[in-house]
Amino acid sequence: MTSPQAPHVPQTDVFPASFAQERLWFLERFASEVGLYNINARFPLPGRIDPGRLEAALGRVVRRHETLRTSLVVEGGQLMQVVSTDVPVCVQQTDLSTTPPGERWRAFEQVCLEDAVVPLVLEQPPLWRARLVRLADQEWWLVFVVHHCVFDASSAAIFLSDLLEVYAAGVEGREPRLPDLP
């Protein structure tokens, strides 16, 4: 059984929010815990990483996936998804490689925790932020904090696969080999 193909959205467009998005949006408004619906995804990256090339790869993945360009706004009393044509892509960098080895992982956990609790403004895309953390010369992690309104566990595998393919293609000087989006 094949998945139906989703239409590509070429320009900024507005669609009704899903029931799940409405629920999360409502709960977010009344949550006492900051960043309660932020997903704090952490992806180990293989080998030595070029931060500029990783940021460019992330930009290409963001252009590919409308959900990474989506925000939520109320228009006419209804919650709507706004898919922007373009959103800023910035990968913050943290270098923990000079931190004593016995303290490095704890420092990494602290960086992740601090990023996770900063709220994402649902009306302003992107509903994610990225941080590249260097623990050692060949030990890098991408910390991707994203709101659950636009990302879930299934999204993580697709996101990472696409990001690694686009990054590898950039390193190898070729076009990425990405499957059509279902």
Would you say [X]'s side chain and [Y]'s backbone share a donor-acceptor pair under 3.5 angstrom?
X      : Y      : answer
Arg69  : Asp86  : no
Ser161 : Ile158 : no
Arg104 : Ser97  : yes
Thr70  : Val83  : no

Show me the donor-acceptor pairs within less than 3.5 Å that the side chains of residues 71-78 make with the rest of the protein, sequence neighbours left out.
none

Atom pair [atom1] ([X]) and [atom2] ([Y]), whose distance is rounded to the nearest 0.5 Å:
X      : Y      : atom1 : atom2 : result
Cys149 : Leu24  : SG    : CG    : 4.5 Å
Arg131 : Asp115 : CZ    : CG    : 4.0 Å
His148 : Gln21  : NE2   : CD    : 10.5 Å
Leu36  : His147 : CG    : NE2   : 8.0 Å
Phe15  : Gln81  : CZ    : CD    : 7.5 Å
Leu163 : Phe144 : CG    : CZ    : 8.5 Å

#### Entry: Cluster link Phe30 to Leu79, ILVMFWY, side chain under 4.5 Å
yes
### Query
Applying the 4.5 Å side-chain criterion to the ILVMFWY set and letting contacts propagate, would Val145 and Val87 be lumped into a single cluster?
no
### Message
The criterion is ring-ring contact (aromatic ring centres under 6.0 Å, His included); which residues satisfy it with Trp25, sequence neighbours excluded?
### Response
none
### Query
Can the ring centres of Phe151 and Trp128 be said to be less than 6.0 Å apart?
no
### Query
Would the Trp141 and Phe108 ring centres measure less than 6.0 Å apart?
yes
Check [Y] with [X], please: is the shortest side-chain N to carboxylate O separation under 4.0 Å?
X      : Y      : result
Glu123 : Arg29  : yes
Arg48  : Glu139 : no
Glu109 : Arg42  : yes
Glu175 : Arg60  : yes

Given side chains that start at C-beta, do those of [X] and [Y] come closer than 4.5 Å, heavy atoms only?
X      : Y      : result
Asn38  : Arg129 : yes
Trp140 : Leu135 : no
Leu54  : Leu142 : yes

### Query
Cut-off 3.5 Å, side chains only: do Thr94 and Arg134 have a donor facing an acceptor?
no
### Message
Go through it in stages, so that I can follow the logic: the residues are Val166 and Leu58, the test is side chain to side chain contact (heavy atoms under 4.5 Å, CB included), and I'd like the CA-CA distance, side-chain angles, deciding distance and then a yes or no.
### Response
CA-CA 8 Å; Val166 172; Leu58 178 59; over 6 Å; no
### Query
Taking only residues two or more places apart in sequence or in another chain, which ones pass side-chain contact (heavy atoms from CB on, under 4.5 Å) with Arg53?
Asp50, Tyr167, Val171
